[in-house]
Protein chains: 2
Amino acid sequence: MAGPTLRDVARRANVSIRTVSNVVNGYAPVSDELRSRVQAVLDELEYRPNLIARNLRQGRTGMIALVVPELDVPYFAELAREVITAARAHGYVVMIDQTDGDAEHERALLGRDSRATMFDGLLLSPLTISAKELRERGNRVPIVLLGEHIYNGSFHHVAMDNVAAAHDATAHLLGLGRTRVAAIGDQPYATGETAQLRTIGYRQAHARRGLPVAEELVVPTARFHRRLGAEAMDRLLALPEPPDAVFCYNDLLALGAIRALTRAGVRVPEDVAVVGVDDIEEGLYSTPSLTTVAPDKSVIARTAVDTLLSAINGTASSGAAEIVVPHRLIVRESTAG
Amino acid sequence: MAGPTLRDVARRANVSIRTVSNVVNGYAPVSDELRSRVQAVLDELEYRPNLIARNLRQGRTGMIALVVPELDVPYFAELAREVITAARAHGYVVMIDQTDGDAEHERALLGRDSRATMFDGLLLSPLTISAKELRERGNRVPIVLLGEHIYNGSFHHVAMDNVAAAHDATAHLLGLGRTRVAAIGDQPYATGETAQLRTIGYRQAHARRGLPVAEELVVPTARFHRRLGAEAMDRLLALPEPPDAVFCYNDLLALGAIRALTRAGVRVPEDVAVVGVDDIEEGLYSTPSLTTVAPDKSVIARTAVDTLLSAINGTASSGAAEIVVPHRLIVRESTAG
DNA sequence: CATGATGTCTACATCGTTGCAGAGCCCTAC
DNA sequence: GTAGGGCTCTGCAACGATGTAGACATCATG
């Protein structure tokens, strides 16, 4: 099973281990004659460097870990793609773990037996774990947080402005002349910080127009899945006075809501306009196509990776970076009459 | 940056390195008194074992790599999720890499400088690389191939029966009384083996009913994406005699096709029925919801991981395993009148 | 009291690689 | 002639952990 080592090659070529290493890495000067002799043996034995040993010696692995709640949520899949691409540009590979939003699993990541020490750095998109816990359990591995929660300066953090994003989406709906704009996705409890920020933006947009928020139109959901979006929409449709527009806290909720509306014979956008957040590709091909607030995933990924690598290399400026990436509203059929 | 090592703990507790190691691992007997003294120092210094060193010593990393063409293709994202879950059950973590279907990238994976040696095994879902190349470049790491290509016994291989799956989908459409059933997704060139198998099944279903295949209804696509499905559908609709049903080689193509049909004012399924393959969650919430051939992704993932771990542990039965996982047709709105 | 079994703990070698210091050798220059 | 400087090449130590063997007490046994 185990392949040949530098020693095996060295013995066979009658040179020192160090010289073989030099040939492999092209480091120190090796005469052409010797180089080709060693190379021949390397080829013959099909030598492959043992990266674990190399890593131990060099104190780094060239791997970063990306931790997301659910990989089959398109937003995270698309983000993962960008992260992998961004990391590759710097010679890094990415290990992906998913927590299923399970707090225990997120904690285990940082605990004593975690594999975190195997990575040069961590990109974390935590759903449930709080900033306080992170601080207490934080290990020596550099961490960059992605897109969720409020961490007021304890960690590097990359995210879009959730309040502004929600405001823009809601303002768009109000600007269409809709008067009963619902919100699907609030999470008014400890770990739902992203959702809470979006609710703030939703209210802000109403306040700026001097409009009241009808509280029965704000529907919480435990998660951001299609099914929960459909269920929430069903409940809204059952109201005595149903909404004429819905701001969903992500695209999956929105697609579920559209599905519920279509099934109920309600026209989108004529009767109810729908906006989501995330700009997943699916929204481009749905019927109707989905208006959404698009964070720049590519910028998020590149920024996060760059920030993490700076931290790893110690070239980071002091203090925790708080980076806000731009977002923009993309209007499609679900709101365009 | 670097944390305390066993040596640091040992010095501080006035014991040997080995004893600290024993306390950490609970191996050899250590007296209660000494154990708690060492444990106190471990806690005080917040010792975390260096997994790289441990891995070097033990010759394994507890990591496997999953290589897929595109992570943001829902099928692969959902599969990745299952693989991560299956691996975790065995104490393994999963590194995910994506090749973008790029042959060079796939080759680099197996080449001299690949990081493959850092993993105990590889799960490979190759798009372009051929079996021959794999054999020639194969390194010492155990490999299990997923779902694509024909490898006639050179490697462990897990996949559904593509011919039967395509047959079932096509037969379903023909069974609805449709007479012009199109096929979207053929890839009649070297590396499109999965597509070719599906074309065989498509033809087989026609042959069994004694029906001819109208060749203009078989539309190739370079990849299996929504956009290409929509474009292919547009071309089919432009035919003098358009189809009344479409078998798409995966769900994304099907969703793109449905989008094109809806945009053209063609009713699904009344005018054109649509079937896909993969059973991605998106198809459950599309309008109309999507009839599809569902491979059991969970079984695929578990089987692949089990097979790989057997190979890693040397407990594999001799020879390359060729495992066929079951599939079933799930009828939804896109074909159910 | 000698013997051996048992229970704790330690020293050393080792995994495969790279950093470092220096050993030879040849050549030039004074 | 020999000192000095480049080239090549080598040996040793180290990264941080674990496997193995054995040292050293303690204790029961004959």
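Shown are V38(B), N22(B), V9(B), V30(B); of these, the side-chain contact (heavy atoms from CB on, under 4.5 Å) with V15(B) is made only by V38(B). Among the candidates H157(B), H156(B), E322(B), the single residue satisfying the side-chain contact (heavy atoms from CB on, under 4.5 Å) test with L145(B) is H157(B). Each of V83(A), V305(A), L79(A), I323(A) was checked for a side-chain contact (heavy atoms from CB on, under 4.5 Å) with I300(A), and the lone residue meeting it is L79(A).
The two atoms that bring F119(A) and M63(B) nearest to each other are CZ-SD, 4.3 Å, heavy atoms only.
Rounded to an integer number of Å, the gap from CZ of R60(A) to C1' of dT17(C) is 14 Å. Look at CZ on R11(B): it is 15 Å from P on dT10(C), rounded to the nearest Å. Computed from coordinates, the Y47(A) OH to dT17(C) C1' distance equals 7 Å when rounded to whole Å. Put simply, CZ on R18(A) is 16 Å from P on dG22(C), counting in whole angstrom units. In this structure, CD of Q58(B) is placed 18 Å from P of dT14(C), rounded to the nearest angstrom. Protein atom CG of L56(B) is 12 Å distant from nucleotide atom P of dT18(C), rounded to whole Å. Rounded to an integer number of Å, the gap from L6(A) CG to dT18(C) P is 6 Å. Note: CD1 (I17(A)) to C1' (dG16(C)) measures 8 Å, nearest angstrom.
In the displayed structure, R37(A) atom CZ is contacted under 6.0 Å by more than 12 heavy atoms of other residues, nucleotides or ligands. Enclosure of atom CZ in R12(A) is not indicated, since only 12 or fewer non-hydrogen atoms of other residues, nucleotides or ligands lie within 6.0 angstrom.
Distances shown here put a side-chain N or O of S21(A) below 4.0 Å from the OP1 or OP2 atom of dT18(C). One finds a side-chain N or O of S31(B) lying less than 4.0 angstrom from the OP1 or OP2 phosphate oxygen of dC9(C). Residue R54(A) places at least one side-chain N or O under 4.0 Å from the OP1 or OP2 atom of dT18(C). Within the 4.0 Å cut-off from OP1 or OP2 of dG16(C), not a single side-chain nitrogen or oxygen of T5(A) is found.
In this structure, T19(B) reaches the bases: a heavy-atom distance under 4.0 Å links it to at least one base atom across the strands shown. Across all strands shown, N25(A) has heavy atoms under 4.0 Å from sugar-phosphate atoms exclusively, and none from any base. Across all strands, I52(B) comes closer than 4.0 Å to no nucleic acid atom at all (heavy-atom distances).
Of the two residues near DNA chain C, N22(A) and E33(B), the one whose nearest nucleotide lies more 5' is E33(B). Both R57(A) and V30(B) sit near DNA chain C, but only V30(B) has its closest nucleotide nearer the 5' end.
A 4.0 Å heavy-atom criterion places the boundary nucleotides of DNA chain D facing chain A at dT8(D) to dG16(D), written 5' to 3'.
Contact of the I64(A) side chain with the L122(A) side chain is not registered, since no non-hydrogen atoms from C-beta on lie closer than 4.5 Å.
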